[in-house]
Amino acid sequence: MLWSKSSQIKFLSLGITCSVFYNFIFYQIPVVQKLELQLQDTFLRLNQPKTPPPEIILVKIQPKDLANQKLSLGRLFYADLVEHLLEAGASVVVLNLHNDWEKSPELEYPIKITETINKPLKNLVKNHSQQIVLVTRTNSITNSKKPKFFIYNHLIPFDSERLQPLIQPETIQGFFEYEPEAEAPTHLSSTARSSHLVGRFFLSEKIDEIQTFKSVPLLALEKWEHQQQKVQLYSRLAKITTPVEIKFWGKSGTFPFLELTSICQPNKDKKCLVVSPQKLSQQVRNKVVFIGFVEANNIQTMAMLSPFGDSMAGVEIQANIMASLMTDSFLQIPSQWVELIIVILGGFLISIGIYNYQNWRLLFIVFAIFSGYLGLCLIVWKYKWILLIIQPLFVWTVTGISIFIYLIFGRQKEVIALQNYQITQLKAAEQEAILSRTRKILNRIAADIHDGALQELKLVMDKIELESNLDIDLILDKLTALGQEIRDKLSNIRDLTEKMAMNPILQKGLDIGIKTTLEELESSGKLTLKVITEIQPLQEPQFNSIWIEHREEIYRFFREALNNVIQHAQLPHGTATQVFVSLEQKGDKCTLVIANDGVISTSTIYGSKKGGYGTKIMDTIADELINGVWEISTLPHEEVRVTLNWHLPPKKTLTDN
């Protein structure tokens, strides 16, 4: 990989940070929360229980029926109705009082009148506190920073001597979370879908005092288990502090119910006179009875939208929760910390997958993570836990796109930096090669002058000193020729700057340089022979200055051999019809071959391999290469072949000096 260990850590940290950030963003987007709600509602409908527990029955109150039957829903009527239900054998009665009964109307009525109005319910609570649950409506605990709880002090008996209630409020009152938003829920944490089993509230009388209360279904379950001497589930359920998902047993009307008018008959005393006590006993014996309004447009109804798309009264919501607790089949929602850890873990895995991606494998990794999470959701659903689905998948998708873009730009930046470094290293290697070539060229010129012109000058000077009869004109001509030769040799130094530059066509490789040269000669018409090539790319040590210098010399060898073919084997000077050029590598040994199919007089071209300018150049080049050797051979079928063999120098890494 191109990146260092620290870069990998930064990359993975970015994935985790993006996951946390996008999780917060998507949590605020209503569309995402709505999609999550719709998906979870689909699961709730698919996993709908068959038959609700028979121990639960509802008493539905509809104002229009009451008006027709001339029944009065006052405190006396409620107390009388509950009294009859308990006498008929009901185990527990859950009573949804009017909202305006939550507080004693002391500001509207004198105290004596207030006591008279509340007395029936107060006596009912005093005599049957172990079988009654008073419903206290509260806002969502999750959305409330300081949830308040109103105590029914005017309905609970009070010990004036000890200055404390005779019945503790938490044993008679249970809370029911409801907000108007539940009529059209937009998220999974709405009171239409989730509910707490226990809650800590600030009491209305003493704001700083906090007290724990049970929800209506849990408190009803506790009292029902005590009445029926059942296995006590409530003690375990009371320890669940996170909200539970409401498990719906069907549409509105799924639970058995009684109309209020089928229980009570009209009378002038505003009491509930039971129509048939025996029938009522058969219907409610040993059952939990929920009393409440069910008319949709009534403020007392606390209507909510169910997963089945119909409006469901609060009393039916309470029955659904109670049934789930009673059968121990409710669904739990993990805390936000658990969901955040899942999102972070998914983002971490996505980051690892993208960092190590290879073509289509990236899609496979993402698909595996998504499929694995969906499988996990189904597994935990089986164990009665609900995990968010839409939101994590959206978070991971956007996180994956973000870090993938970052990866592309980051790696592109690394590639550019590496290329710049390679260019710097290559330039340094070329400069070193140029200096080395310059030294060698100067040595060659100096050697040519020393071994050639200066030796001739020495001989002339010896003749002048040793011989008395000299041909002055011959001596002068000889000295003039020697002087011109020395000037010609020295003038080559002026061209040294041109020779110091690296040939640009070789920068992409020796094979590219040879191919390019052949194409240029063919297109210019200088090379008319048919060209046959078997040129393979060499594994060149790009940043090795020795190889850069050797590459220039090998190319010079190739040009020298090819020029000889053009000048002496090609028509009209020779009989060749084609030229063959081969470049191959085996291990670190390389071979260059230039061959033609015509007869060439080697003595005129290469100086009979014993001397001459062409031979000397090739000898010099071969000697400077690593294990360099060259040869010229004429094969039986009149093919002239020039072969150069050498070994590549070892590669240098980018960190080598």
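Just so it is clear, the model here is predicted, and its values are computed rather than measured. The figures that follow rest on heavy atoms only: side chains count, while hydrogens, waters and symmetry mates do not.
- At least one side-chain heavy atom of Tyr373 sits under 4.5 Å from a side-chain heavy atom of Trp396.
- Pairing each heavy atom of Ala192 with each of Phe248, the nearest pair is O-CZ, 3.4 Å.
- The line from NE2 of His187 to OH of Tyr27 is 7.0 Å long, rounded to the nearest 0.5 Å.
- Between Val94 and Ala220 the shortest heavy-atom distance is CG2-CB, 3.9 Å.
- Closest approach of Trp249 and Pro52 over heavy atoms only: CE3-CA, 3.5 Å.
- Using a distance-only test at 3.5 Å, with no hydrogens or angles considered, a donor-acceptor pair links the side chain of Lys223 to the main chain of Ser129.
- From Gln332, atom CD reaches atom CG of Leu237 across 8.5 Å, with rounding to the nearest 0.5 Å.
- Shown here for Ser252 and Glu316, the closest heavy-atom pair between the two residues is OG-OE2, 2.6 Å.
- No side-chain donor-acceptor contact under 3.5 Å links Gln28 and Gln33.
- Scanning for side-chain hydrogen bond (donor to acceptor under 3.5 Å, both in side chains) contacts around Asn127 gives an empty result, with sequence neighbours left out.
- Between Gln283 atom CD and Ile57 atom CD1 the span is 6.0 Å, to the nearest 0.5 Å.
- Remark: Lys251 is not positioned above the aromatic ring of Phe308, lacking an NZ or CZ atom under 6.0 angstrom from the ring centre and at most 45 degrees off the axis.
- Under the ring pair (Phe, Tyr, Trp, His ring centres under 6.0 Å) criterion, Trp381 pairs with Phe43, not counting sequence neighbours.
- Other residues, nucleotides and ligands place more than 12 heavy atoms under 6.0 Å from the CZ atom of Phe158.
- Ring geometry for Phe149 versus Phe201: interplanar angle of 30 to 60°, hence tilted.
- Between the side chains of Glu179 and Ser140, not a single donor N or O lies within less than 3.5 Å of an accepting N or O.
- Under a 3.5 Å cut-off, the side chain of Gln40 and the backbone N or O of Leu387 do form a donor-acceptor pair.
- Between the side chains of Tyr178 and Glu183, at least one donor-acceptor pair of N or O atoms lies under 3.5 Å.
- Gln130 CD: 12 or fewer foreign heavy atoms inside a 6.0 Å radius.
- Environment of CD in Gln164: crowded, with over 12 heavy atoms of neighbouring residues, nucleotides or ligands closer than 6.0 Å.
- Atom CZ of Phe21 is separated from atom OG1 of Thr399 by 10.0 Å, given to the nearest 0.5 angstrom.
- The heavy-atom pair separating Gly250 from Met312 by the smallest distance is O-CE, 3.5 Å.
- Listed by chain and residue number, Glu181 satisfy the side chain to side chain contact (heavy atoms under 4.5 Å, CB included) test with Thr186 (two or more places apart in sequence, or in another chain).
- Within 6.0 Å of CD on Gln336 lie no more than 12 heavy atoms contributed by other residues, nucleotides or ligands.
- Counting all heavy atoms, side chain and backbone alike, Gly15 lies closest to Ile403 at CA-CG2, 3.9 Å.
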